[in-house]
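What follows is a short report on a single structure.
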Amino acid sequence: MDISARKQAEDERALQRVELEHLARLNTLAELSGTLAHEINQPLATIMSNTEAAQRLLASPRPDLDELRSIMADILAADERADAVVKRLRAMLRRGPAMREPLELDALVAGVLDFMAGELRRRGVAPRIELGAPGARLWGDRVSLEQVLINLINNACDALAVRDAGMRRLVLRTRQEGAELCVEVCDNGAGLKAGAEEIFAPFFTTKTEGLGMGLAISRSIVQAHEGRISVRNDPAGGAVFELRFPAHRPAQGAVEAR
Ligand code: ADP
């Protein structure tokens, strides 16, 4: 009896976590909606203008075929960009249990930065990426881990608003330390106005429009990956968030995948 009650409580907690993660994703998507619309509209506009150019070329007596080929390649690339944004949106909107797989840390971090590039440009933030864990992998749920990084980058952008445009820096750094993989998200923004215990607590926010769930959810996702998240102020100004995960050992995946 005792064991089944505990199992039920565990199941309920897991369900609550999935629902909270889903809510946090919806919140992130709402924050990013302007950027997402732009990320889809831009390739659509490229497709439109290239199609018009192709039509003009075709109307000429001897169309330049090389030019046409290059126009078609541009259309294809723009279509693939829009498709990637829509796929990512659908993955983030999906409600469901985490799906674990081996993930290359450097590719994960670079992919998120690529996804956020438009948002960072819009907010006047210059990102730098220092990938120091080539080939190293962790065992995790891609969408949840991307969510954590997106939260940290969004928070960094908010903290950077106090700086003049042109001075807003964001650094993403990865490295492997023995059996651990480490990611740092550093900004030169306002720095932390409260202690680590407070900022990771649910519903703690210093923003007028904040929900205060981003870091609480991020910590729960990181812990579900047997990882840790910590934060410190950079003496030079700004905050440094550090994530640590156990590096994936292939044998572990084989056991869990069965
Ligand atoms: P929200 O972004 O809705 O406020 P979070 O849980 O993501 O919720 O963040 C909680 C609080 O932690 C923020 O309101 C802010 O005070 C602080 N914080 C988070 N990231 C940073 C950062 N990079 N620099 C300074 N303060 C931060």
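Read the numbers this way: they start at 1 and go in the same order the structure lists the ligands and their atoms. Numbers here simply count residues along the sequence, with the first being 1. Just so we're clear, the structure is a prediction, and the values are computed from it rather than from any experiment.
- Below 30°, between 30° and 60°, or above 60°: for Phe245 and His225 the angle between ring planes is above 60°, a perpendicular geometry.
- Heavy-atom proximity to atom 25 (C) of ligand 1, evaluated over Ala239, Gly191, Gly238, is greatest for Gly191.
- No donor-acceptor pair closer than 3.5 Å links the side chain of Asp79 to the backbone N or O of Ile75.
- Residue Phe200 does not touch ligand 1, judged by heavy-atom distances below 4.0 Å.
- In this structure, the protein non-hydrogen atom closest to atom 27 (C) of ligand 1 is Leu192 CD2, 3.8 Å.
- The protein heavy-atom contact nearest to atom 6 (O) of ligand 1 is Leu215 N, 2.8 Å.
- The Gly210 neighbourhood of ligand 1 comprises atoms 3 (O), with distances under 4.0 Å to a heavy atom of that residue.
- Heavy atoms of Asp187 come nearer than 4.0 angstrom to ligand 1 in at least one pair.
- Of all atoms in ligand 1, listed by their number and element, those nearer than 4.0 Å to a heavy atom of Thr205 are 1 (P), 3 (O), 4 (O), 14 (O).
- Taking atom 21 (C) of ligand 1 as the reference point, the nearest protein heavy-atom neighbour is Phe241 CE1, 3.9 Å.
- Look at Lys207 and you'll find a heavy atom under 4.0 Å from some atom of ligand 1.
- Between Lys7 and Glu10, no side-chain nitrogen of the basic residue sits less than 4.0 Å from a carboxylate oxygen of the acidic one, so the salt-bridge criterion is not met.
- For ligand 1, the polar-atom distance check against Thr206 finds a nitrogen or oxygen pair separated by under 3.5 Å.
- Under the 3.5 Å distance criterion, the side-chain polar atoms of Asn233 are left unmatched by any main-chain donor or acceptor of Gly191.
- Put simply, Ile129 and Leu120 are part of the same group of oily side chains (I, L, V, M, F, W, Y) that touch within less than 4.5 Å, one to the next.
- Partner Leu215 forms a side chain to side chain contact (heavy atoms under 4.5 Å, CB included) with one of Asn155, Val148, Asn151, Thr205 and no other, that one being Asn155.
- Counting only non-hydrogen atoms, the option in Pro202, Gly212, Ala156 that gets closest to atom 3 (O) of ligand 1 is Gly212.
- For ligand 1 and Leu211, the ligand atoms under 4.0 Å from any heavy atom of the residue are 3 (O).
- Close approach to Ala159 involves these atoms of ligand 1, each under 4.0 Å from a residue heavy atom: 22 (C), 24 (N), 25 (C).
- Residue Ile47 is grouped with residue Ile71 when hydrophobic side chains (ILVMFWY) are merged at heavy-atom distances under 4.5 angstrom, including chains of intermediate members.
- Counting protein heavy atoms only, atom 10 (C) of ligand 1 is closest to Phe204 O, 3.3 Å.
- For Arg175 and Glu180, the salt-bridge test fails: no basic side-chain N is under 4.0 Å from an acidic carboxylate O.
- Of the protein's non-hydrogen atoms, the one nearest atom 17 (C) of ligand 1 is Ile199 CG2, 4.0 Å.
- Enclosure of atom CZ in Arg121 is not indicated, since only 12 or fewer non-hydrogen atoms of other residues, nucleotides or ligands lie within 6.0 angstrom.
- Judged purely by atom type and a 3.5 angstrom limit, Arg168 uses its side chain to pair as donor or acceptor with the backbone of Leu160.
- For atom 20 (N) of ligand 1, the nearest non-hydrogen atom of the protein is Asn155 CB, 3.3 Å.
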